[in-house]
Amino acid sequence: MRPIEIADGIYDVGVKDWNIRDFHGYSTHQGTTYNAFLVMDEKIALIDTVKKEFSDQMLDNIAQIVDPKKIDLVVSNHTEMDHSGGLPRLMHRIGEDKPLYCSKMGAKNLKQHFFPNWNYQPVDNAGELSLGRRTLSFLETRMLHWPDSMFTYLKEDKILFSSDAFGQHYAGPEKFDDEIGDRIMPHAKKYYANILLLYSAKTLKLMEKIAEMRLEFNMICPDHGVLWRKDISKIVDAYLRWSRQEVKNKALVIYDTMWHSTQQMAESIVAGLAESGVYAVPMDLRRSDRSDIMTEVLDARAVVVGSPTLNNQLFPTVSDFLTYMKGLKPKNRIGAAFGSYGWSGEAVRMISEELQTMKFDVVDPGLRIQYVPDAEGLAACEDFGRKIAEAMKA
Ligand code: FEO
């Protein structure tokens, strides 16, 4: 496949990973892409690489435009190996002495991943590098997504190479946002919810800094998914909403169940919430992947979690999800716990404690029902839903 010229003399020489379905625990139902960009100027620059196993494919893509040996310099915006794994093959091919521009932390981290004696050229925040007719400008973006992350901005073309930010795990025939339209937004939302949510404060600060700098964009080119060129404000506005952790009148009732009792409780809680005008959905942890559930958590005001008690503990899937959600640090949430139990019934208390640790506003000590809920028990669940709905109004 011939690389696409995304702007005059600038090519996407990255690859599509059509078949990946698990990206370090994140379900990638439609694969992903590793974008890498070749800038043809008086000096030829390559911005980012791809996962190790796609190195040769990237080199073949480059070779369709120019002999890889003619690349004068490489920019590494981020050390994570989905973008740096191709560096060893690339550097071997183009010459180990070619300059490799990265952040100061990038140099440190790349040395720990790969060859320590490459010609590392750490750049300053706001540092610039002339390619001849064009200028690269570097902007440190620590923790978006690693301490080494940075953006590279092509000043004359007003193109931002944004690394992980604004990306989506999506592989399709489309290259640009206008070719896929709104269908890309759920992928962008899932990416934010599962990769960047815990760095929301930093993301918001960065968005404000970019606004202050009055940077203009003709295109934003992340390292995953489609490139934004038509409706850039759509993804920028979404990032502002997500990084402010704006939530909707929405509740998720997340649960696992052994003999359908906790499931019956979940569905009755949803009924109580819905009757009170809340958009509420039950999510079974064994039917939905944790990363898909987390995507729904992103804009949910209430997160209600249910578990049976198994051997005096939380059900393992519930434990897994709570650990995952805790790491991603959702804020401004109401929480509550529920569950069916047989004799000891510790799970509800354990969930409540976890939600409190996450600084959720826990609106009830939790609802427990022994064995199978009867009509009275299910009515109590509906009341529980109504109580949560009431707290959501505050
Ligand atoms: Fe796509 Fe943080 O790597």
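In this text the structure is predicted, and so the values were computed from the model without any measurement. Note: hydrogens, waters and symmetry copies are ignored here, and every other heavy atom, side chains too, is used.
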So, [X] and [Y]: side-chain donor and acceptor under 3.5 Å apart, yes or no?
X	Y	value
Asp223	His78	no
Tyr324	Ser291	no
Asn194	His169	no

Is there a path of hydrophobic side-chain contacts, each under 4.5 Å between heavy atoms of I, L, V, M, F, W or Y residues, that connects [X] with [Y]?
X	Y	result
Tyr11	Tyr34	yes
Met150	Phe161	yes
Met283	Ile388	no
Val318	Val281	yes
Ile254	Met265	no

Over 12 foreign heavy atoms within 6.0 Å of [atom1], [X]:
X	atom1	value
Phe115	CZ	yes
Lys189	NZ	yes
Met207	CE	yes
His113	NE2	yes
Glu376	CD	no
Trp18	CH2	yes
Lys175	NZ	yes

Polar side-chain atom of [X] near backbone of [Y] as donor-acceptor pair, under 3.5 Å:
X	Y	value
Arg134	Asp157	no
Asp12	Gly14	yes
Thr28	Gly31	no
Asp177	Lys230	yes
Ser137	Tyr153	no
Thr262	Ser340	yes
Lys98	Ile71	yes
Glu382	Ala271	no
Glu5	Gly9	yes
Ser243	Leu240	yes

Taking atom [atom1] of [X] and atom [atom2] of [Y], what is their separation to the nearest 0.5 Å?
X	Y	atom1	atom2	value
Asp320	Arg290	CG	CZ	4.0 Å
Gln370	Trp343	CD	CH2	10.0 Å
Arg301	Ile334	CZ	CD1	4.0 Å
Ile195	Leu144	CD1	CG	12.0 Å
Lys16	Gln30	NZ	CD	12.0 Å

Check [X] against [Y] and note the closest heavy-atom contact, atom names and distance.
X	Y	answer
Gln245	Lys331	OE1-N, 2.8 Å
Asp292	Ser27	OD2-OG, 3.3 Å
Tyr101	Pro99	CE1-CB, 3.6 Å
Pro316	Leu310	CD-CD2, 3.9 Å
Lys158	Glu216	NZ-OE1, 2.8 Å
Ala391	Val363	CB-CG1, 3.5 Å

Under 4.0 Å between a side-chain nitrogen and a carboxylate oxygen: does that hold for [X] and [Y]?
X	Y	value
Arg386	Glu390	no
Lys387	Asp364	yes
Lys104	Glu140	no
Lys234	Asp182	yes
Arg286	Asp256	yes
Glu156	Arg133	no

*Start with the C-alpha gap between Trp259 and Tyr371, add the side-chain angles, then the distance that decides, and say whether side chain to side chain contact (heavy atoms under 4.5 Å, CB included) holds.*
CA-CA 9 Å; Trp259 295 105; Tyr371 294 117; over 6 Å; no

Test applied, side-chain contact (heavy atoms from CB on, under 4.5 Å); reference residue, [X]; option that passes from [options]:
X	options	answer
Val15	Glu53, Gln57, Lys51	Gln57
Leu38	Ile6, Ile10, Val66	Val66
Arg333	Val297, Asp361, Leu252	Val297
Cys102	Asn77, Thr79, Leu110, Asn109	Leu110

*Run the numbers on Phe338 and Ile369 for side chain to side chain contact (heavy atoms under 4.5 Å, CB included), then give the verdict.*
CA-CA 8 Å; Phe338 68 97; Ile369 290 179; over 6 Å; no

*asked:* Evaluate Leu204 against Glu208 for side chain to side chain contact (heavy atoms under 4.5 Å, CB included), listing each step before the verdict.
replied: CA-CA 6 Å; Leu204 186 56; Glu208 288 166 355; 3.7 Å; yes

Do [X] and [Y] have side-chain heavy atoms sitting under 4.5 Å apart?
X	Y	value
Leu154	Ile47	no
Ile62	Leu90	yes
Leu328	Met325	no

*Among Trp242, Trp228, Tyr239, find the residue that satisfies the ring-ring contact (aromatic ring centres under 6.0 Å, His included) test when tested with Phe166.*
Tyr239

*Can you check side chain to side chain contact (heavy atoms under 4.5 Å, CB included) on Asp164 and His83, steps first, answer last?*
CA-CA 9 Å; Asp164 278 338; His83 311 296; 3.1 Å; yes

*Do His29 and His187 make the cut of ring centroids closer than 6.0 angstrom?*
no

